[in-house]
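This report concerns only the one structure given below.
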Amino acid sequence: MLEPLAEGLWHDHFDLFMPGRVHFRGRMVVARLGSGGLWVWSPIPISDELAAQLAELGPVEHLVAPNGFHHMHFEGAAERYGSARKWISPALVTKRPDLAHDELLTTEAPPAWAQEFDQHLIGGMPKVDEFVFLHRPSKSLLVTDMVFNILEYQGWVSGLVFRMAGTHKRFAQSRLFRSFVKDRAAAAHSARHILGWDFERVVMAHGEIVEQGARETLEGALGWMLAGAPSSDPAAA
């Protein structure tokens, strides 16, 4: 069920079970653009009930797959909303050559949503190519897998996996995410760029939203990335 996050911004989530019955929740975020249409980030399974809620908010104009992992339900959303522009991370071109799309996300927000959003490609990890978004009107930062904040889950296997990943019941970056970083200096530059944005809330695809002390909390979680900045990098000072 869609719930409001801020003026012109909503979210919904669903129970996701990965191989081995690893459980966590996946979040979709919806924004109303100046056109009156909807921007849908990281689509989840869209039931008829959820589709009816979306229809009350406006027409779905854009579907966004923000990294190389978040594509499982993108195709279903694209089939339901055939007239929507389909935007995907460049990593999906290789990973899912069968995935129909209209546009690739780039380092610059396109005119369609540049009035509402800034966006940034996390550098140094081409197999993931995660884009982070700032919804400027609400000062909400949208991140996909860069950090987790999974405080509730089902099953002991899930707990074991999250402990191994270093994300058990805490706001943190997973060891798996770090393993995809091939250029730490580029990743550090991205971390500094994102922390330079004006945000007060962090909304993750997986986990509880951070409403208080968002900047300090995120900076702490990005310590590994930030440590990769070369000593000559002025942003590292």
Side-chain angles (χ1 to χ4, degrees), residues 1-14 25-67 70 73-74 76-78 80-89 101-122 130-147 149 171 193-215 217-218:
M1 181 175 182
L2 280 174
E3 298 178 357
L5 278 169
E7 182 70 26
L9 197 69
W10 299 264
H11 74 125
D12 194 5
H13 44 235
F14 77 112
R25 307 193 86 181
R27 175 178 283 106
M28 174 179 82
V29 174
V30 178
R32 181 182 288 123
L33 303 177
S35 65
L38 303 180
W39 179 92
V40 179
W41 174 87
S42 191
I44 65 173
I46 298 178
S47 64
D48 290 344
E49 180 182 6
L50 178 54
Q53 288 184 294
L54 289 168
E56 290 180 0
L57 299 178
V60 174
E61 292 185 344
H62 301 279
L63 300 171
V64 178
N67 75 12
H70 280 236
H73 305 290
F74 187 84
R80 182 181 281 271
Y81 299 106
S83 63
R85 299 293 289 175
K86 298 172 284 293
W87 302 76
I88 67 171
S89 163
H101 63 278
D102 300 303
E103 308 280 355
L104 296 181
L105 294 167
T106 69
T107 55
E108 297 293 331
W113 62 73
Q115 294 299 311
E116 292 82 17
F117 286 96
D118 289 324
Q119 64 193 54
H120 179 76
L121 169 63
I122 299 176
E130 175 164 336
F131 286 80
V132 176
F133 295 85
L134 172 66
H135 184 246
R136 290 194 305 275
S138 67
K139 297 186 177 182
S140 298
L141 188 71
L142 310 184
V143 305
T144 315
D145 295 316
M146 185 176 75
V147 289
N149 193 29
F171 187 95
H193 182 91
I194 293 164
L195 288 167
W197 280 343
D198 183 15
F199 63 91
E200 298 177 353
R201 172 190 292 116
V202 180
V203 182
M204 290 75 60
H206 308 296
E208 299 302 314
I209 295 168
V210 175
E211 299 274 7
Q212 302 294 328
R215 182 179 307 281
T217 301
L218 182 62

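For the numbers below, each heavy atom of this structure counts, side chains included, while hydrogens, waters and symmetry mates do not. What you see is a predicted model; the values in this text were computed from it and never measured.
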Check [X] against [Y] and note the closest heavy-atom contact, atom names and distance.
{"X": "Ile194", "Y": "Phe199", "result": "O-CE2, 3.6 Å"}
{"X": "Trp39", "Y": "Val64", "result": "NE1-CG2, 3.5 Å"}
{"X": "Ala6", "Y": "Arg201", "result": "CB-NH1, 4.0 Å"}
{"X": "Gln119", "Y": "Glu108", "result": "NE2-O, 3.4 Å"}
{"X": "Gly34", "Y": "Glu116", "result": "N-OE2, 2.8 Å"}
{"X": "Val147", "Y": "Leu218", "result": "CG1-CD1, 4.1 Å"}

Mind checking whether [X] and [Y] have side chains closer than 4.5 Å, heavy atoms only?
{"X": "Glu7", "Y": "Pro137", "value": "no"}
{"X": "Gln53", "Y": "Trp10", "value": "no"}
{"X": "His193", "Y": "Val132", "value": "no"}
{"X": "Val203", "Y": "Arg27", "value": "yes"}
{"X": "Val30", "Y": "Leu2", "value": "yes"}
{"X": "Glu130", "Y": "Val143", "value": "yes"}
{"X": "Tyr81", "Y": "Val40", "value": "no"}
{"X": "Arg85", "Y": "Glu61", "value": "no"}

Euclidean distance, [Y] [atom2] relative to [X] [atom1], rounded to 0.5 Å:
{"X": "Phe133", "Y": "Leu105", "atom1": "CZ", "atom2": "CG", "value": "5.0 Å"}
{"X": "Leu54", "Y": "Met28", "atom1": "CG", "atom2": "CE", "value": "5.0 Å"}
{"X": "Met204", "Y": "Phe171", "atom1": "CE", "atom2": "CZ", "value": "5.0 Å"}
{"X": "Leu9", "Y": "Trp41", "atom1": "CG", "atom2": "CH2", "value": "10.0 Å"}
{"X": "Phe131", "Y": "Ile88", "atom1": "CZ", "atom2": "CD1", "value": "10.5 Å"}
{"X": "Met1", "Y": "Asp12", "atom1": "CE", "atom2": "CG", "value": "9.0 Å"}

Is there a donor-acceptor pair under 3.5 Å between the side chain of [X] and the backbone N or O of [Y]?
{"X": "Asn149", "Y": "Glu208", "answer": "yes"}
{"X": "Arg136", "Y": "Ala114", "answer": "yes"}
{"X": "Arg80", "Y": "Ile46", "answer": "yes"}

Inset, instruction - Taking atom CD of Gln115 as the centre, report whether more than 12 heavy atoms of other residues, nucleotides or ligands fall under 6.0 Å from it. - result: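 No, CD of Gln115 has 12 or fewer neighbouring heavy atoms, counting only those of other groups under 6.0 Å.
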Inset, instruction - Examine the side chains of His70 and Thr144 and answer whether a donor and an acceptor come within less than 3.5 Å of each other. - result: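 Not at all, the side chains of His70 and Thr144 share no donor-acceptor pair under 3.5 Å.
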Inset, instruction - Look at the rings of His120 and Trp197 and say which category their plane angle falls in: under 30° parallel, 30 to 60° tilted, over 60° perpendicular. - result: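 Answer is perpendicular, since the angle exceeds 60°.
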Inset, instruction - Fit a plane to each ring of His135 and Phe117, take the angle between them on a 0 to 90° scale, and name the class: parallel (under 30°), tilted (30 to 60°) or perpendicular (over 60°). - result: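 Tilted: the ring planes of His135 and Phe117 meet at 30° to 60°.
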Inset, instruction - Answer with yes or no after comparing the ring centroid distance for Trp87 and Trp113 against a 6.0 Å cut-off, counting only values under it. - result: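 Yes; Trp113 has its ring centre under 6.0 Å from that of Trp87.
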Inset, instruction - Quick one: do Met146 and Asn67 satisfy side-chain contact (heavy atoms from CB on, under 4.5 Å)? Show the steps, please. - result: CA-CA 10 Å; Met146 185 176 75; Asn67 75 12; over 6 Å; no
